[in-house]
Engineer: 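Quick one: structure below, then a few questions.
Just the heavy atoms: all of them, side chains too, but no hydrogens, waters or symmetry mates, feed the values below. Below, read A as the first sequence line, B as the second, and so on, with proteins coming before strands; counting in each chain starts at 1.
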Amino acid sequence: MKKSLISGLIAGLLVVAGCASTQNTNSLYADLGGKTGIADIVDRFLMHMGNNEVIVDSFAETDIEAFRGHLIDQICEVSGGPCEYTGRSMAESHAGLGVDTRQMNALVSDLINAMDDENVPLGAQNRLLGLLAPLHEDVVTR
Amino acid sequence: MNKTKRFWKSALSAVVLASLGVSATAGTKLTATGGVSPIEGGAGGGISPWALISGYGSTNEWGGSAFYTQVQVDDFKLDAKGVAAGFSDRVELSAAKQKLEIEPLDLDLKQDVYGVKVRVFGELLYTAAPQLSVGVQYKKSDTFTVPQALGADDDADFDIYLAGSKVWFAALAGRNVLTNMTLRYTSAIETGLVGHADERKLVAEGSVVVFLSDNWVAGVEYRQKPDFLSSIEEHDWYHGFVGYFPNRHVSVTAAWANLDEIAGLDGQQGWYLSLQGHF
């Protein structure tokens with residue numbers, strides 16, 4: 001009896017937590033301005049990256065139009081939007097590039113500047129950064 | 001008047017020192033992730049060293065900082081100043097000078113603190129595990145006569161510490177929060193200003209800081225202190241502070257500090273003001 005009460009409570013908590021997290025990501029997608037908002041952020045992001053001497057050379061061979069599409073899909077998907085990222089995995093696309101934390105920091109600065117340009121609220125900025133931060137593991141290889 | 005003048009002179013040299021470095025190198029670490037300068041130097045909060053490496057230098061870059069801090073409580077004034085350099089966000093070297101004026105006794109206690117810190121693993125912003133660093137602070141009293149009379153055994157010794165820092169994204173009302181925990185193995189009496197005991201204790205220090213906006217942070221810190229001497233009681237310290245980062249090269253920290261009882265003088269509360277230059 002006691003046991004089932006506890007499992008019931010836990011199940012209830014999980015449902016509540018599940019709803020809360022779905023709601024959070026949904027509202028993040030909305031807070032970023034949906035698909036158009038995300039596309040605007042990505043355009044600004046690409047502009048800052050193009051002016052950032054720490055990372056610009058790493059993208060010399062990149063097909064920028066395809067890259068732009070992948071970025072939009074990835075941010076849309078991770079923020080809970082109705083998109084699917086279909087590009088290569090982060091580990092695969094960064095293997096052998098020898099990306100270091102210095103370049104990762106430069107990239108994050110550019111993203112923050114892009115979100116500032118687009119007046120994304122601080123809370124939404126931080127939630128997105130929190131979702132993207134673990135990519136460091138796959139991107140930074142030295 | 002003279003004191004104020006001296007403060008600004010030292011403050012100015014800190015900023016000049018820092019901006020000299022700016023032209024030489026521009027680090028890529030994110031704003032405020034080099035921390036501020038605690039009274040013992042290096043990167044940290046106000047009274048505790050953190051796992052962060054000073055300055056804005058990331059991989060294969062170097063950076064650093066300079067600071068001037070004044071703490072004024074009822075019967076004491078503490079002046080601290082120092083410089084630090086961080087290499088590849090891996091190794092930090094620091095030096096600081098402290099002078100404690102015990103105003104009712106017209107007595108000054110001085111010490112020098114030299115520090116080395118190494119980041120062992122983890123990355124403040126990116127890894128699930130906290131950034132973990134180990135550090136050593138060598139402290140030497142310049143005024144050992146009084147500490148000796150109070151029962152201190154040595155004028156100099158090492159503190160060894162382990163610090164873990166982590167940023168939690170959007171953790172509080174959408175704001176990022178930095179937490180730090182430091183474990184220190186020390187023989188220092190009143191941080192070493194009253195010399196050292198011939199035994200060691202393990203003490204804990206904790207900090208929680210909220211990044212309110214791009215330029216403002218607010219936090220609280222607690223520092224447990226050992227209590228070695230029978231002649232005078234030593235008490236834990238805590239303070240609440242705000243930090244202002246108008247740009248990547250300058251920051252100001254202001255705090256209300258509660259230092260409780262120091263050297264037999266009770267109820268020591270007052271303000272803490274610190275100016276830092278970073279590059």
Side-chain angles (χ1 to χ4, degrees), chain A residues 20-21 23-25 27-28 30-32 48-49 51-58 78-80 90 94 97-117 119-142, chain B residues 25-34 51-53 55-63 86-91 119-131 165-179 209-218 245 247-248 278:
Chain A
S21 72
Q23 214 170 14
N24 270 337
T25 39
S27 71
L28 176 56
D31 287 349
L32 294 173
H48 286 295
M49 285 163 69
N51 291 321
N52 191 333
E53 58 182 27
V54 176
I55 47 176
V56 67
D57 292 343
S58 312
V78 83
S79 65
M90 284 294 105
H94 292 85
L97 291 181
V99 176
D100 58 22
T101 299
R102 169 172 166 262
Q103 290 165 311
M104 178 91 180
N105 285 337
L107 197 82
V108 172
S109 293
D110 288 339
L111 178 58
I112 293 172
N113 288 335
M115 291 192 289
D116 281 342
D117 291 344
N119 299 314
V120 175
L122 189 60
Q125 292 196 17
N126 292 337
R127 274 186 290 156
L128 181 61
L129 293 175
L131 292 169
L132 297 176
L135 298 179
H136 180 268
E137 193 185 351
D138 293 329
V139 170
V140 174
T141 50
R142 63 174 182 145
Chain B
T25 170
T28 52
K29 269 161 71 176
L30 299 174
T31 305
T33 57
L52 311 190
I53 301 295
Y56 282 118
S58 184
T59 323
N60 295 325
E61 297 175 330
W62 72 285
F87 303 92
S88 209
D89 204 25
R90 176 65 68 186
V91 178
R119 178 168 64 87
V120 182
F121 71 77
E123 219 293 334
L124 178 71
L125 299 173
Y126 304 121
T127 53
Q131 174 166 329
S165 301
K166 184 167 168 60
V167 163
W168 309 85
F169 288 98
L172 190 76
R175 267 53 181 180
N176 298 339
V177 175
L178 181 150
T179 54
V209 184
V210 183
F211 292 81
L212 297 172
S213 72
D214 290 344
N215 309 107
W216 289 90
V217 302
F245 292 76
N247 57 54
R248 285 167 66 80
H278 312 267

Engineer: Test A:V140 against B:T59 for side-chain contact (heavy atoms from CB on, under 4.5 Å), laying out the working first.
Structural biologist: CA-CA 11 Å; A:V140 174; B:T59 323; over 6 Å; no
Engineer: Between A:L135, A:L129, A:D116, which shows the greatest number of heavy-atom pairs under 4.5 Å with chain B?
Structural biologist: A:L129
Engineer: Within this structure, what is the CD-NE2 distance for the pair B:E123 and A:H136, rounded to the nearest 0.5 Å?
Structural biologist: 5.0 Å
Engineer: Find the distance between CZ (B:R175) and CG (A:N126) and round it off to the nearest 0.5 Å.
Structural biologist: 8.0 Å
Engineer: Keeping the roles fixed (side chain from A:N105, backbone from B:L30), state whether a donor-acceptor pair exists under 3.5 Å.
Structural biologist: no
Engineer: Measure distances from B:L212 to the heavy atoms of chain A and classify the residue's part below 4.5 Å as side chain, backbone, both or neither.
Structural biologist: backbone
Engineer: Report the distance from atom OG1 of B:T28 to atom CD of A:Q103, rounding to the nearest 0.5 Å.
Structural biologist: 9.0 Å
Engineer: For the OG1 atom of A:T101 and the OH atom of B:Y126, what is their distance to the nearest 0.5 Å?
Structural biologist: 7.5 Å
Engineer: If you compare all heavy atoms of A:A133 against all heavy atoms of B:F169, which two are closest, and at what distance to 0.1 Å?
Structural biologist: CB-CE1, 3.7 Å
Engineer: Can you see which heavy atom on A:G123 is nearest to which on B:A170, and at what distance?
Structural biologist: O-CB, 4.3 Å
Engineer: Please classify the contact between B:D89 and chain A as side chain, backbone, both or neither, with a heavy-atom cut-off of under 4.5 Å.
Structural biologist: neither
